[in-house]
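What follows is one structure encoded as structure tokens, with my remarks underneath.
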Amino acid sequence: MKYTTYIFDLDGTLLDTLQDLADAVNHALHQYGMAQHSLDEIRTFVGNGVRLLMERSVPDGAKNPDFEAVFAAFRQYYMEHSLDNTRPYDGIPEALCELKRQGCRMAVVSNKMMAATKELVTHFFPEIEVAIGEHEAAGIRKKPAPDTVDEALRQLGVTKEGAVYVGDSDVDLQTACNSGLPCISVLWGFRDRDFLLAHGATTFIRHPRELLDG
């Protein structure tokens with residue numbers, strides 16, 4: 001099937017944000033005398049939004065009396081350093097340009113903070129029309145709830161017909177399912193094929209140019 005609307009996850013799908021997230025986590029932990037984490041450890045923590053990332057990173061999670069302060073330190077540092085090392089995955093800019101040329105509509109939905117989501121999408125991907133991040137104050141639940149996808153489709157002015165979700169994680173698979181959309185799982189992101197298969201993935205791509213085949 002040829003898709004006409006693409007709803008993309010951001011971290012691990014369009015952008016390799018892992019180093020900047022890890023740097024922000026470890027900066028915040030260091031500020032409060034807490035043990036830091038390796039890049040591989042941080043990789044296993046991401047994918048469910050920044051609050052859960054920090055709950056997994058801080059000893060005793062949200063029960064730690066310093067948790068909110070550490071979380072605030074993370075947010076402040078990340079907003080100031082989210083572009084230090086973050087880059088699009090190889091082939092992503094070219095694939096998005098070609099999808100745009102073909103008349104496809106595109107949006108990003110992320111559990112990342114709204115301000116960071118919009119900043120990154122605006123900076124790297126001018127082809128993408130809509131970017132939605134953490135937005136619970138507006139009554140929009142984060143993924144895997146379908147709310148961000150529904151809102152993206154609404155802002156694009158399109159229906160689910162001809163739409164596909166593209167992501168790299170189990171949360172993305174759940175989001176696509178809850179939204180009633182097919183899901184394309186990418187194999188260059190934060191989770192490997194075996195992990196994705198175990199969580200129900202059925203369609204995989206190894207390079208962004210394969211998006212142009214669907």
- Query: side chain to side chain contact (heavy atoms under 4.5 Å, CB included) between Ile7 and Val166: does it pass, once the steps are laid out?
  - Reply: CA-CA 6 Å; Ile7 308 297; Val166 184; over 6 Å; no
Any side-chain heavy-atom pair of [X] and [Y] under 4.5 Å:
| X | Y | value |
| --- | --- | --- |
| Leu39 | Gln19 | yes |
| Phe67 | Arg51 | yes |
| Ser169 | Phe195 | no |
| Lys142 | Glu134 | no |
| Leu21 | Lys112 | yes |
| Leu153 | Thr159 | no |
| Val108 | Ile132 | no |
| Asp11 | Ser110 | yes |

- Could you walk me through whether Thr5 and Val164 pass side chain to side chain contact (heavy atoms under 4.5 Å, CB included), step by step? CA-CA 6 Å; Thr5 302; Val164 65; over 6 Å; no
- Message: Run the salt bridge (charged side-chain N to carboxylate O under 4.0 Å, His left out) test against Glu41 and tell me which residues pass, sequence neighbours left out.
- Response: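 Listed in chain order: nothing, the list is empty.
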- Item | Partners meeting salt bridge (charged side-chain N to carboxylate O under 4.0 Å, His left out) with Glu127 (sequence neighbours left out) |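 Counting only residues at least two positions away or on another chain, Glu127 forms no salt bridge (charged side-chain N to carboxylate O under 4.0 Å, His left out).
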- Message: Please enumerate all residues that pass side chain to side chain donor-acceptor pair (under 3.5 Å) together with Glu151, with sequence neighbours excluded.
- Response: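 Per chain and number, Glu151 pairs via side chain to side chain donor-acceptor pair (under 3.5 Å) with Arg154, Gln155.
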- Query: Are Arg87 and Asp16 within salt-bridge range, i.e. N to O under 4.0 Å?
  - Reply: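 No, Arg87 and Asp16 are not salt-bridged.
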- Query: Charged N to carboxylate O below 4.0 Å: is that the case for Arg105 and Glu129?
  - Reply: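 Salt bridge flag = yes for Glu129 with Arg105.
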- Task: Applying side chain to side chain contact (heavy atoms under 4.5 Å, CB included) between Asp23 and each of Asn85, Ile42, Asp84, report the one that passes.
- Result: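 Option passing the side chain to side chain contact (heavy atoms under 4.5 Å, CB included) with Asp23: Asn85.
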- Task: May I ask you to decide if Ala131's main-chain N or O and Lys118's side chain share a donor-acceptor pair within less than 3.5 Å?
- Result: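 Yes, because the side chain of Lys118 sits within donor-acceptor range (under 3.5 Å) of the backbone of Ala131.
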- Message: For Gln174 and Lys143, which I'm curious about, is there any donor-acceptor pair between the side chains at under 3.5 Å?
- Response: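 Looking only at side-chain atoms, Lys143 and Gln174 do not form any donor-acceptor pair under 3.5 Å.
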- Query: In terms of side-chain heavy atoms, does Asp20 have a donor or acceptor partner in Thr86 at a distance below 3.5 Å?
  - Reply: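 Yes.
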- Check whether NZ of the Lys or CZ of the Arg Arg75 lies under 6.0 Å from the centre of the six-membered ring of Phe71 and within 45 degrees of that ring's axis.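 Cation-pi check for Arg75 and Phe71: passes.
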- Task: Verify the cluster assignment for Tyr3 and Leu156: are they in a single hydrophobic cluster under the rule of side-chain heavy atoms below 4.5 Å apart?
- Result: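 Per the 4.5 Å side-chain linkage, Tyr3 and Leu156 are not co-clustered.
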- Hey, do the aromatic rings of Phe74 and His27 have their centres closer than 6.0 Å?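 No, the ring of Phe74 stays outside the 6.0 Å limit from the ring of His27, centre to centre.
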